[in-house]
Amino acid sequence: MRTKSDNPTPGAAAAATAATASSDLDSFDPVLLLLRFLPYSFLRPPRTRLRLPSSVVLPSPMTVFSLLLLTYFAVVSGLVYDVIVEPPGIGSTQDPATGTVRPIVFLPGRVNGQYIIEGLSSGFMFLLGGFGLIFMDLAVDRHRARSTRLSFAMFGISAVVIAYLMTMLFIRIKIPGYL
């Protein structure tokens, strides 16, 4: 428990708050000052009190994270491109030596085109790298056991390295001679 002399007085707290606020307003950038004060000199934000109905329940953070992750995967996989252009799932090429038809997953030489499997595999590699970063963040939590932190760190680092190497391999296949 603090002694009476250690407790801040209301005047000292107000002075510290005022000093912090004045340091926020001291800017050398005139454009920032104009953008900060000019619109609010003639516009007043409305005073609204919006409340959700009692029947509406907010989703859990993990549900929101899962939906955002699914949306991210759909966007980086090129799902919109796949729906609009309707490319084939995989391609095929004929082997000049034997004449057999071989399947190909990456559309070589065309940066603005892709097969469906190519987009999904690239999107999965981006997700794997993101999961690796999440696990590396979990590895620095001091409240976990050391073995758990070590496992998280090893998985996170390996996931990021695998995702990076596979993405570079995909680029080398997609654009020969680029990297």
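Count residues from 1 along the sequence.
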Query - With S55 via side-chain hydrogen bond (donor to acceptor under 3.5 Å, both in side chains) - residues at least two apart - result: none

Query raised in the report: Looking at CD1 of I157 and CD1 of I162, how far apart are the two atoms once the value is rounded to the nearest 0.5 Å?
Result: 12.0 Å

Query raised in the report: Would I173 end up clustered with Y164 when hydrophobic side chains under 4.5 Å apart are linked, directly or stepwise?
Result: no

Query raised in the report: Just wondering, do L120 and F73 contact through their side chains at under 4.5 Å, heavy atoms?
Result: yes

Query raised in the report: So which pairs with a foot in residues 91-150 pass ring-ring contact (aromatic ring centres under 6.0 Å, His included), sequence neighbours left out?
Result: F106-F170, F135-F152, F135-F155

Query raised in the report: Atom CG of L128 and atom CE of M166: how far apart are they, to the nearest 0.5 Å?
Result: 10.0 Å

Requested in this report: Identify whether V105 and I175 are in the same connected component of the hydrophobic contact network (ILVMFWY, side-chain heavy atoms under 4.5 Å).
Outcome: no

Requested in this report: Identify the two heavy atoms, one from R149 and one from D141, that lie closest to each other, and give their separation to 0.1 Å.
Outcome: CD-O, 2.8 Å

Query raised in the report: Sub-3.5 Å donor-acceptor pair from the side chain of S121 to the main-chain atoms of E118, do we have one?
Result: yes

Report summary line: Rounded to the nearest 0.5 angstrom, the CD1-CD1 distance for I104 and I117 is 13.0 Å

Query raised in the report: Distance only, no hydrogens: is a donor on one side chain within 3.5 Å (strictly under) of an acceptor on the other, for S66 and T63?
Result: no

Requested in this report: Would you check if P87 and I116 make a side-chain contact, meaning some heavy-atom pair closer than 4.5 Å?
Outcome: yes

Query raised in the report: Can you name the closest pair of heavy atoms from G123 and V76 and give their distance?
Result: CA-CG2, 3.9 Å

Query - Close side-chain approach of T93 and R102, heavy atoms under 4.5 Å - result: yes

Report task. For the pair D95 and T98, evaluate side-chain contact (heavy atoms from CB on, under 4.5 Å) and give the outcome as yes or no after the intermediate values. Result -> CA-CA 6 Å; D95 190 11; T98 61; 3.1 Å; yes

Report task. Spell out, as yes or no, whether a donor-acceptor pair under 3.5 Å connects the side chain of K174 to the backbone of G109. Result -> no

Requested in this report: Please check if M168 and L127 belong to a single hydrophobic cluster, counting links between Ile, Leu, Val, Met, Phe, Trp and Tyr side chain heavy atoms closer than 4.5 Å.
Outcome: no

Requested in this report: Return the set of residues passing side-chain hydrogen bond (donor to acceptor under 3.5 Å, both in side chains) with N112 (not counting sequence neighbours), or none when no residue passes.
Outcome: none

Query - Reported CG-to-CG distance for the pair L138 and L133, which is rounded to 0.5 angstrom - result: 11.0 Å

Query raised in the report: Hey, does V160 have a side-chain heavy atom less than 4.5 Å from the side chain of M136?
Result: yes

Query raised in the report: Which hydrophobic side chains are connected to V31, either touching it within the sub-4.5 Å cutoff or through other members that do?
Result: L35

Report summary line: Heavy-atom closest pair (A163 atom, M125 atom, distance to 0.1 Å) is CB-O, 3.2 Å

Query raised in the report: Considering only heavy atoms from C-beta outward, does the side chain of L165 approach that of L169 to under 4.5 Å?
Result: no

Requested in this report: Apply side-chain contact (heavy atoms from CB on, under 4.5 Å) to the pair V80 and V75, showing each step before the final yes or no.
Outcome: CA-CA 7 Å; V80 175; V75 169; 6.0 Å; no

**Report entry** S147: side-chain hydrogen bond (donor to acceptor under 3.5 Å, both in side chains) partners, not counting sequence neighbours
**Finding:** none

Query raised in the report: Residues in side-chain hydrogen bond (donor to acceptor under 3.5 Å, both in side chains) with S41, at least two apart?
Result: none

Query raised in the report: So, does T148 use its side chain to make a donor-acceptor pair with the main chain of R144 at under 3.5 Å?
Result: no

Query raised in the report: Taking a hydrophobic cluster as the set of Ile, Leu, Val, Met, Phe, Trp and Tyr residues connected by side-chain heavy atoms closer than 4.5 Å, whether directly or through intermediates, do L69 and M62 fall within one such cluster?
Result: yes

Requested in this report: Ignoring hydrogens and angles, tell me if any N or O in the side chain of Q94 forms a donor-acceptor pair with the backbone of V101 under 3.5 Å.
Outcome: no

Report task. Kindly give the heavy-atom pair with the smallest separation between A159 and G132, and that separation in Å. Result -> CB-CA, 3.8 Å

